[in-house]
Amino acid sequence: MQDRLALLPDVLQCLDGKTVSSKEEWLAVRRPEISELFREHVFGREPEGKPSGLRFETVTEASALNGAAVRKQVVIRFAGPNGEGSFPLLLFIPVQREGAVPAFVLINNRAQDAMDPASPMPNDPFFPAEQLVSEGFAAAVFQTNDIDPDVDDGFKNGVHGILDPISEPRPANAWGTIAAWAWGASRVMDYLETEEGVDANRVALVGHSRGGKTALWAGALDPRFAMVVSNNSGCTGAALSRGKQGETIRDINTRFPHWFSDNYKRYNGREEELPVDQHMLLALIAPRLLYVASASEDQWADPVSEFLSLTAAAKVYRLFGLQALEEQPFPPADSPIARGQTGYHVRTGLHDLLHYDWRCFIEFAKRHMS
Ligand code: GCU
C-alpha cells in the first residue's frame, strides 16, 4: 500500500514545485490548480455559473408516505444559446419537522420508477425515500438521462445540445456527460436554496457508480454541498488510477467515450502521465464531509484503490485542522469506519446501492448534520 501512495502526485505540491502548507494557500493556489487539471485533462470544461432563464415550477404537491411527507414534483427550467431545456426533480419533505431539515439528493442513474410519482417505490433500496424521511431528512432525486442521455450521440442532445456553441469544432477539453450530470446536480442545489422546507447548508449529494463519479465532480466544483457520498464509484471516481485493479482508464474511455473530455483519452494505458490522481478529486471536497463506500465483490471498481485514495486525501483535511481517515489497514467488510470529516465502508456483496449503504450514510450524516 505504501508503495502505491509513493507513486501518486503530491496533493500539496503545486505545479511550480512549491508545497502549500496552510489552508489559505490551499484555497488560493493549489485547490484552483487541481480543479483546472481535472477540467482540462479529465471531465472537461463546464459552463460556469447559473444558466440564463433559470426558473423552478412546482407541478404537483401532495401528501405521500402515508402522511409522513409532502411530495413535490418540480421542473427546473433553463435556457442556452440553442434553446430551452428542463428536467424534473422529485422531492419528499418530512411533515414532522421544526424548521428546515437536512436533505439527501440522489443522482439517479437507474430505477426510472423512483422518479414516477404515479408509481412511487418509497422503499426502493436505490432511493429509499421512506427511510430518509423517517430519519428526519428530505429526500430528492433526479434522473441522469433527463439532463443528458447516457449515449455517445456526438453531444447533440440534452444540456450539451442546448448550451454548447454549435459553430465551432468540439474542443478536446469540452465537457463530457459526467460533467453534464454534475451541472444538473448544481441546478438542483439552486432550487434547494429556494425551498423553505430544506436547509441548503446541510445537503448531502449521493451517487452510485457512474452517479458516484458524478457526485464527486459535482461536490468538487460546488462547495454548497455540505456532504458528498460516492458509492462503488470506481474508475475516475474515488479509486486511484495508478496501480488500479479491474477497470482502467483505457477500459472506461473505450466503453464510455462520451463520459469525459477527449483529452482524457491521451492517458489510455498511461496513468502515470496524468497530472492528477483521484485522491486529488477527493481532496477538493475538503473541508466538507466525505463518505466513500465500496462493495466486497466489486473488483471492477476496486475497493482497495477507493479506500487508499480516501486516506491519501487526509493531508488536505489536516491543513484545515480537521481530522479524516488516515492511512491504515483495509477494514473488514460491513464494519464502517469514520474519523472526523470522512467515513468509509465496504459492504459484503455486489456492485449496488442497498439499504445497508444508506443506513451508513444516514448515520454519518446524523453525526455531523442533524
Ligand atoms: C460500468 C463502468 C463503470 C461504472 C458502471 C456503472 O461497469 O465500467 O465505470 O461505474 O458501469 O455506472 O454502473
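Just so you know, ligand 1 is whichever comes first in the structure, and atom 1 is the first atom listed for that ligand.
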Check your understanding: Do we see a donor-acceptor contact under 3.5 Å between the side chains of H208 and N108?
Key -> no
For ligand 1, which atoms, with element, lie under 4.0 Å from some heavy atom of [X]?
X	answer
R255	8 (O)
W259	4 (C), 9 (O)
I252	9 (O)

Practice item. Report yes or no: does H351 have a heavy atom closer than 4.0 Å to ligand 1? Key: yes
**Study point:** NZ/NE/NH1/NH2 to OD/OE distance under 4.0 Å, E363 and K366
**Key:** no
**Study point:** Short N-O contact, R242 and E272, less than 4.0 angstrom
**Key:** no
What is the nearest protein non-hydrogen atom to [atom], stated with its residue, atom name and distance?
atom	value
atom 8 (O) of ligand 1	E247 OE2, 2.6 Å
atom 7 (O) of ligand 1	W300 NE1, 3.3 Å
atom 6 (C) of ligand 1	S209 OG, 2.5 Å
atom 2 (C) of ligand 1	F256 CE1, 3.4 Å
atom 11 (O) of ligand 1	R210 NH2, 3.0 Å

Point to revise | Between W300 and H351, ring centroids under 6.0 Å | key: no
Check your understanding: Are H41 and Y264 close enough that their ring centers fall under 6.0 Å?
Key -> no
**Study point:** ligand 1 contact on K213 by region, counting heavy-atom pairs under 4.0 Å
**Key:** side chain
Exercise for review: Could you walk me through whether H345 and Y291 pass side-chain hydrogen bond (donor to acceptor under 3.5 Å, both in side chains), step by step?
Suggested key: CA-CA 8 Å; H345 74 256; Y291 196 99; 2.7 Å; yes
Check your understanding: Side-chain contact, heavy-atom cut-off 4.5 Å: N82 with L163?
Key -> no
